**Student:** 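The structure's right below; bear with me while I get my questions together.
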Amino acid sequence: VPGVSAEISPAMLATFKVGTVTSVGSTSVGISGVEYRIKVNVEILDHKGSEMKLAEVHVRCEARFHLDKNSEIDMMVVRRPQ
């Protein structure tokens, strides 16, 4: 994915789950109707690799995300709808 930070390689991004944000809470996010807890130190990036806060994630955004061993999101790349 062009523009994503060097920390997330295209090969790594290919292993992420993909969905559409359906809800955003203070400690969780709904993606394609499934509620996922967010780790305290979650890394959220936009599609250009810039850091985002959870409050900047909106419903209908596309999300690529990685779950840790506790099924919590520890990394997410968000693309806002065009």
Side-chain angles (χ1 to χ4, degrees):
V1 175
V4 172
S5 77
E7 299 163 27
I8 305 175
S9 70
M12 186 177 168
L13 199 59
T15 67
F16 283 26
K17 295 179 177 291
V18 181
T20 302
V21 177
T22 51
S23 65
V24 181
S26 58
T27 60
S28 66
V29 63
I31 300 176
S32 298
V34 179
E35 203 68 23
Y36 295 97
R37 288 181 50 82
I38 298 283
K39 284 188 71 82
V40 174
N41 59 345
V42 66
E43 183 174 6
I44 303 174
L45 303 173
D46 68 13
H47 66 281
K48 295 177 181 164
S50 300
E51 279 195 48
M52 296 176 67
K53 296 191 180 337
L54 184 58
E56 296 174 286
V57 177
H58 301 291
V59 172
R60 294 190 311 280
C61 289
E62 178 190 289
R64 290 182 175 269
F65 58 102
H66 181 266
L67 300 175
D68 69 7
K69 65 182 183 305
N70 298 318
S71 296
E72 294 180 334
I73 295 177
D74 57 3
M75 187 176 287
M76 185 162 65
V77 178
V78 177
R79 179 182 291 270
R80 292 195 175 113
Q82 298 300 321

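Given the structure is predicted, the values throughout are model-derived calculations rather than measurements.
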**Student:** State, to 0.1 Å, how close Gly19 and Ser32 come at their nearest heavy-atom pair, and which atoms those are.
**Tutor:**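 Reported closest heavy-atom pair: CA-OG, 3.3 Å.
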
**Student:** Sorted by first residue and then second, give each ring-ring contact (aromatic ring centres under 6.0 Å, His included) pair with at least one member in residues 10-44; sequence neighbours left out.
**Tutor:**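 Pairs touching residues 10-44 that pass the test: Phe16-His66, Tyr36-Phe65.
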
**Student:** Measure the CG-CD1 distance between Leu67 and Ile31 for me, rounded to the nearest 0.5 Å.
**Tutor:** 8.0 Å

**Student:** Under 4.5 Å between side-chain heavy atoms, counting indirect links through other Ile/Leu/Val/Met/Phe/Trp/Tyr residues: same cluster for Met75 and Leu45 or not?
**Tutor:** yes

**Student:** Which ILVMFWY residues can you reach from Val40 by hopping between side chains whose heavy atoms are under 4.5 Å apart?
**Tutor:**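 Grouped by the 4.5 Å side-chain rule, Val40 forms a cluster of one, so the answer is none.
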
**Student:** Taking side-chain hydrogen bond (donor to acceptor under 3.5 Å, both in side chains) as the test, write out the residues that go with Ser28, two or more places apart.
**Tutor:**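 Once residues adjacent in sequence are excluded, the partners of Ser28 under the side-chain hydrogen bond (donor to acceptor under 3.5 Å, both in side chains) criterion are Glu35.
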
**Student:** Just by distance, do the side chain of Ser23 and the backbone of Val29 share a donor-acceptor pair under 3.5 Å?
**Tutor:**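 Not at all, since once roles are kept as given, no pair shorter than 3.5 Å links the two residues.
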
**Student:** How long is the gap from CZ on Arg79 to CZ on Arg64, to the nearest 0.5 Å?
**Tutor:**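 Those atoms lie 8.5 Å apart.
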
**Student:** My understanding is that only residues two or more places apart in sequence, or in another chain, count here; which of them pass side-chain hydrogen bond (donor to acceptor under 3.5 Å, both in side chains) with Arg37?
**Tutor:**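 Expected list: Glu72.
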
**Student:** Do Val34 and Val42 sit in the same hydrophobic cluster, where Ile, Leu, Val, Met, Phe, Trp and Tyr count as joined when their side-chain heavy atoms come under 4.5 Å apart?
**Tutor:** yes

**Student:** Side-chain donor-acceptor pairs under 3.5 Å in residues 51-63, sequence neighbours left out?
**Tutor:**
residue : atom : partner : partner atom : Å
Glu56   : OE1  : Lys53   : N            : 2.6
His58   : NE2  : Glu56   : O            : 3.3

**Student:** Give me each pair satisfying salt bridge (Lys or Arg N to Asp or Glu O under 4.0 Å) with a member in residues 15-24, each pair once, sequence neighbours excluded.
**Tutor:**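 Sorted pair list comes back empty.
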
**Student:** For Met12 and Thr15, work out which heavy atoms get closest and say how close.
**Tutor:** O-OG1, 2.6 Å

**Student:** Run the side-chain hydrogen bond (donor to acceptor under 3.5 Å, both in side chains) test against Lys39 and tell me which residues pass, sequence neighbours left out.
**Tutor:**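 Partners of Lys39 under the side-chain hydrogen bond (donor to acceptor under 3.5 Å, both in side chains) test: Asp68.
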
